[in-house]
Amino acid sequence: FPPAMSRPICNHYAELLSSTAAAAGRDGARVSGAVHCLVLRTLPQLPPTYLLNHLLAAYARSGRLPLARRLFDAMPDPNLFTRNALLSALARARLLPDMERLFASMPERDAVSYNALIAGFSGAGAPARAARAYQVLLREEAVVDGARVRPSRITMSGMVMAASALGDRSLGRQVHCQILRLGFGAYAFTGSPLVDMYAKMGLIGDAKRVFDEMEGKNVVMYNTMITGLLRCKMVEEARGVFEAMVDRDSITWTTMVTGLTQNGLQSEALDVFRRMSAEGVGIDQYTFGSILTACGALAASEEGKQIHAYTIRTLYDDNIFVGSALVDMYSKCRSIRSAEAVFRRMTCKNIISWTAMIVGYGQNGCGEEAVRVFSEMQRDGIKPDDFTLGSVISSCANLASLEEGAQFHCMALVSGLRPYITVSNALVTLYGKCGSIEDAHRLFDEMPFHDQVSWTALVSGYAQFGKAKETMDLFEKMLLKGVKPDGVTFIGVLSACSRSGLVEKGRSYFHSMQKDHGIVPLDDHYTCMIDLYSRSGRLKEAEEFIRQMPRCPDAIGWATLLSACRLRGDMDIGKWAAENLLKTDPQNPASYVLLCSMHASKGEWSEVAQLRRGMRDRQVKKEPGCSWIKYKNKVHIFSADDQSHPFSGTIYEKLQWLNSKMLEEGYKPDVSSVLHDVADAEKVHMLSNHSEKLAIAFGLIFVPEEMPIRVVKNLRVCVDCHNATKFISKITGRDILVRDAVRFHKFSNGICSCGDFW
């Protein structure tokens with residue numbers, strides 16, 4: 001074509017290429033390639049620069065960066081637009097070295113050039129370099145088309161975001177001043193980032209001032225202000241801004257739902273969600289994720305089920321983000337089987353989905369399932385992160401499974417996740433709960449940084465062993481380091497005082513918890529105090545403490561007092577505790593069992609029979625006692641008089657030998673815990689076959705001599721078994737660790753770590 005005829009064709013091709021701006025990915029690349037072919041076929045002479053610029057920009061927008069670079073290299077006369085187009089493409093692709101080289105080689109630069117450079121650095125997580133690029137812009141005396149290059153609104157918006165990412169208040173205020181000086185203060189394009197920046201920096205007053213001074217606020221500015229207020233826990237102010245809005249989009253509603261949930265106002269978040277649904281606002285995965293989190297925090301299973309149904313109707317149930325939130329919600333609502341069903345139906349799972357299921361199993365006392373799912377995740381080729389690994393180690397800690405926990409410890413070392421504080425804290429908890437308090441302390445000392453959880457894990461570990469001095473020393477050291485304790489920390493300290501009979505010290509810590517640390521006592525704290533008085537035989541003080549409590553104790557609190565009354569033989573307070581326990585939890589067998597024990601110790605067998613009839617009439621069942629020991633990755637479970645084990649004969653032979661040796665050493669059976677009207681000889685026989693004794697005998701037979709014997713019991717160890725285990729440790733020269741429902745007992749050379757106070 002002659003030059004006069006080729007210009008309309010070039011303009012047509014340029015329009016076609018401009019239209020590809022709306023087509024992303026493959027579609028845009030296909031259109032760009034087709035137009036490029038037409039240009040080569042229909043234009044015999046070299047295409048004009050403006051057409052090649054359009055072609056280069058189209059390739060860059062559609063992700064065909066290699067073709068864009070090849071075209072750029074072949075252009076004989078690239079101009080400023082050409083270079084800016086490629087510079088922007090390199091910035092979007094985060095190719096910083098190439099971007100910097102091109103920028104340095106440019107003979108002239110305008111505001112677009114600097115905007116691309118600043119955006120490239122910010123997008124690649126280098127806000128400091130973006131700030132330096134902006135400083136170069138201010139210093140350079142660049143002139144384009146006779147005018148000095150000045151920052152644009154886009155430049156200033158990018159710099160506000162860079163200052164925000166750096167958390168640099170001084171830089172942020174300087175940029176704000178320059179925005180005002182340049183006349184951009186009235187633009188929402190710069191106003192919204194300013195509000196966001198000040199809110200993230202904790203300067204909510206400055207954020208509010210920018211918002212109030214802005215004219216013509218759009219919905220983006222309102223959303224940004226609401227987000228900032230909620231981030232700073234200014235819920236009422238956020239609610240005021242929200243209610244003042246004339247137009248709200250789905251982001252507005254989702255922001256309120258998320259913010260209220262994060263501020264602990266889950267019920268209000270549900271109310272906002274109901275309003276959102278009633279107004280027909282579109283609900284996306286983020287809204288569902290936030291409202292399901294609120295349901296989980298409230299344990300609102302019915303509302304959670306309704307929202308689950310809503311996700312199915314709106315076809316979001318297969319969304320990986322929503323699916324993970326559903327698993328988490330059902331887990332927190334104690335509906336672990338529903339969580340499992342959702343998890344199994346998910347067609348696509350990521351690390352968050354797997355972690356939600358592992359944590360859910362752990363929260364619901366299903367530690368073995370947590371370990372199994374973790375192994376399944378590994379088989380699927382998903383690598384655990386620090387939170388996933390920490391969660392499965394915590395499950396091993398709750399199972400008192402030292403063998404499997406040690407394997408995960410090795411995995412943490414090999415994978416490089418050991419330094420992460422979530423993993424380190426879980427390991428300290430594991431070894432503390434498994435009775436290896438020395439290993440727990442060693443791991444704690446190796447940690448470069450300790451947070452509240454680290455200190456609490458070690459404090460609780462020592463408390464479980466009844467090591468009051470070490471527990472209190474650690475607690476005082478924690479305070480000196482400036483680490484603020486929480487309610488769980490005080491449970492550890494109070495229980496250590498309780499198990500060591502330090503009544504005055506425990507009382508002092510209880511008052512300090514409220515007065516000095518502002519922690520409101522929960523049921524567990526009150527139970528610790530009841531236990532503190534009761535264990536020390538100060539039952540009247542325990543009664544007075546209960547009567548002064550702002551609310552009645554829970555079932556555990558009443559059972560704690562009742563148990564102490566049984567040991568001390570105080571029938572009056574015992575009956576009062578039993579009556580209240582029955583009112584609090586009619587199906588709790590502790591009131592019947594402990595009262596039976598009290599009457600049995602006095603020979604009042606008719607009272608025992610009456611209590612047992614009451615249990616039968618009310619269909620109250622006592623949890624059968626059992627003990628277990630792990631050997632070669634297999635758990636061996638024993639109950640009293642159990643003869644189901646394959647090595648039962650060998651175990652009973654070992655027990656008989658132990659009994660004869662113990663009698664020689666001066667052991668005297670304590671039959672006070674036998675609640676049957678039978679002869680003393682029969683009572684002694686019943687005691688000799690308790691579950692923990694069977695488990696210990698198994699351990700003596702099979703566990704190598706250089707290893708300690710670790711036994712777990714589901715109930716509190718009885719007086720006779722405690723005494724017998726001391727004798728066994730002395731006779732055999734073995735260390736025996738027994739973890740019962742209350743604490744750890746380490747028996748060594750005839751002495752227990754609890755000092756016979758448990």
Please determine if K349 and D380 form a salt bridge, counting it only when a charged side-chain N lies under 4.0 Å from a carboxylate O.
no
Return a table of donor-acceptor pairs under 3.5 angstrom between the side chains of residues 290-297 and protein atoms on other chains or two or more places apart.
| unit_1 | atom_1 | unit_2 | atom_2 | d |
| --- | --- | --- | --- | --- |
| S290 | OG | T258 | OG1 | 2.6 |
| S290 | OG | Y286 | O | 3.2 |
| T293 | OG1 | G289 | O | 2.8 |

Pair N218, D247: side-chain N/O donor-acceptor within cut-off below 3.5 Å
no
Evaluate the side-chain proximity of R248 to V219: yes if any heavy-atom separation is below 4.5 Å, no if none is.
no
Under 3.5 Å donor-acceptor, R334 side chain and Q363 backbone
yes
Side chains of T489 and H517: closer than 4.5 Å at any heavy-atom pair?
no
Sequence neighbours excluded, which residues qualify as side chain to side chain donor-acceptor pair (under 3.5 Å) partners of R209?
D206
Test item: K200 and R231 side chains (from C-beta on) under 4.5 Å apart, heavy atoms:
yes
Identify the heavy atoms of P384 and I351 that sit nearest to each other, and give their distance.
CA-CD1, 3.9 Å
Tell me whether N263 contacts the main-chain N or O of V235 through its side chain, where contact means a donor paired with an acceptor under 3.5 Å.
no
Among all residues two or more places apart in sequence or in another chain, which pass the salt bridge (Lys or Arg N to Asp or Glu O under 4.0 Å) test with E237?
none
What heavy-atom pair brings H308 and V342 nearest, and what distance separates the two atoms?
CE1-CG2, 3.7 Å
Pairing residues for R94 by the salt bridge (Lys or Arg N to Asp or Glu O under 4.0 Å) criterion, not counting sequence neighbours
none
Residue pair S152 / T155, side-chain donor-acceptor N/O under 3.5 Å:
yes
Side-chain donor/acceptor pairs under 3.5 Å, residues 274-281, sequence neighbours excluded:
| unit_1 | atom_1 | unit_2 | atom_2 | d |
| --- | --- | --- | --- | --- |
| R274 | NH1 | D271 | OD1 | 2.9 |
| R275 | NH1 | E243 | OE2 | 3.0 |

Per ring pair (Phe, Tyr, Trp, His ring centres under 6.0 Å), W354 is matched among F343, Y361, F374 by F343
Between T388 and T355: side-chain donor-acceptor atoms closer than 3.5 Å:
yes
Can you see whether N364 engages S331 through a side-chain donor-acceptor pair at a distance of less than 3.5 angstrom?
no
Residues 128-138 vs side-chain hydrogen bond (donor to acceptor under 3.5 Å, both in side chains), sequence neighbours excluded, gives E100-R129, Y134-Q178
Could you check whether N223 and T252, counting side-chain N and O atoms only, form a donor-acceptor pair closer than 3.5 Å?
yes
4.5 Å side-chain heavy-atom contact, L298 and E303
no
N115 and N84: side-chain donor and acceptor closer than 3.5 Å?
no
